[in-house]
Amino acid sequence: MKRILVTGATGQIGTDLVDKLMEVYGDDNILSCSRRARPDNWAGTHYESLDVTDGKRFYELAKDFKADTILHLAAVLSAVGEDNPQLLWDINVNGLYNSLEIARELDTALFVPSSIGAFGPSTPKMDTPQVTLQRPTTAYGVSKVAGELLCDYYFKRFGVDTRGVRFPGLISYKALPGGGTTDYAVHIYYDALEKGSYTSFIGKGTYMDMMYMPDAVDCILDLMEADPDKLIDRNAFNVSGMSFEPEEIKASIQKYIPDFTMDYDVDPVRQAIADSWPDRMDISAAKEQWGFDPKYDLDAMTKDMLEKLAKK
Ligand code: SER
């Protein structure tokens with residue numbers, strides 16, 4: 001049975017992922033770490049406060065827990081990173097460096113999420129290949145490319161079992177995203193239910209890859225269980241469940257809430273970031289090498305999001 005340490009456990013991905021990990025591997029084998037307080041529904045589970053830039057504490061927690069796998073989710077997202085690139089570098093790169101060194105010293109596997117943000121304006125926008133130009137123009141993107149390369153380096157040089165995916169915008173109902181460019185596609189569902197209308201900070205016609213959280217969680221588990229001999233790319237695989245622009249998610253919500261309306265108040269910073277990212281990635285490497293198989297399309301996601309959020 002795996003012993004898994006999760007950093008950034010109370011973030012948007014961690015909140016869903018930890019619940020699933022406890023279901024699959026048992027509560028006792030999961031150590032959730034975060035700078036925030038322990039969520040109420042994790043009472044009685046292993047939980048530690050951790051700032052990932054504190055390498056000594058990070059190492060001691062992993063060692064004492066006898067972790068054999070680290071899922072390193074702690075990171076600053078793209079929009080917050082443009083406000084504070086210094087903070088972003090400290091957490092995204094120095095925190096990642098700590099996780100790599102700990103994985104090397106303790107011989108653990110390591111999952112690190114990369115992002116569509118690892119691409120830039122010179123990357124092909126349609127069917128963005130697995131291996132292509134990566135010259136991002138955001139602090140977030142630079143940190144993600146550095147992360148992909150560092151993870152590849154630790155695998156080749158030290159044999160650390162590093163694995164990763166390039167996540168698209170992730171949509172979920174349990175925890176809100178923490179300041180990204182794709183967040184509009186989460187906020188829109190909250191406002192649809194609460195106000196019946198939404199003002200989008202991303203402009204009409206802006207396509208980005210997206211995925212529903214249950215598919216994102218499954219993809220982390222599947223990749224970490226995949227046969228290492230089949231993994232050619234490792235850091236990091238393009239993954240996506242769908243690609244849409246604001247008018248399409250609006251139309252999807254209108255199928256369930258016919259009176260829903262949307263207008264625009266475009267944020268130039270986040271719009272420029274979105275414009276520099278792919279419209280739709282090629283996900284064939286993930287399918288071929290470890291069987292990536294997302295279940296939710298836009299309408300299936302909308303139905304589930306609205307049902308779950310209405311209950312919440
Ligand atoms: N959701 C992230 C962001 O918008 C992209 O990986 O920053």
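Both counts, for ligands and for their atoms, begin at 1 and track the order of listing. We count residues from 1, following the sequence as given.
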Among all protein heavy atoms in this structure, tell me which lies nearest to [atom], with the distance rounded to 0.1 Å.
atom	result
atom 5 (C) of ligand 1	Ser115 OG, 3.4 Å
atom 7 (O) of ligand 1	Ser78 OG, 2.6 Å
atom 4 (O) of ligand 1	Thr181 N, 2.6 Å
atom 1 (N) of ligand 1	Thr182 OG1, 2.8 Å

Worksheet, complete the sentence: Only one of Lys56, Arg57, Lys63 passes salt bridge (charged side-chain N to carboxylate O under 4.0 Å, His left out) with Glu60, and that residue is Lys56
Practice prompt. Please determine, by modelled atom types, if Asn92 and Tyr140 share a side-chain donor-acceptor pair under 3.5 angstrom.
Written response: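 Looking only at side-chain atoms, Tyr140 and Asn92 do not form any donor-acceptor pair under 3.5 Å.
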Worksheet item: Charged N to carboxylate O under 4.0 angstrom, Glu148 versus Lys144?
Response: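 No, this pair does not count.
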Discussion item. Using a plain distance cutoff, I'd like to know if Tyr140 has any nitrogen or oxygen under 3.5 Å from a nitrogen or oxygen of ligand 1.
Written reply: yes
Discussion item. In terms of relative ring orientation, are Tyr173 and Tyr212 parallel, tilted or perpendicular, with 30° and 60° separating the classes?
Written reply: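 Ring orientation, 0 to 90° scale: tilted.
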Worksheet item: Only one of Phe292, Trp290, Phe111 clears ring pair (Phe, Tyr, Trp, His ring centres under 6.0 Å) with Phe237; which?
Response: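 Exactly one pass, corresponding to Trp290.
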Worksheet item: So which bit of Trp277 gets within less than 4.0 Å of ligand 1, heavy atoms only: side chain, backbone, both or neither?
Response: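 It is the side chain that gets close, since no backbone atom is under 4.0 Å.
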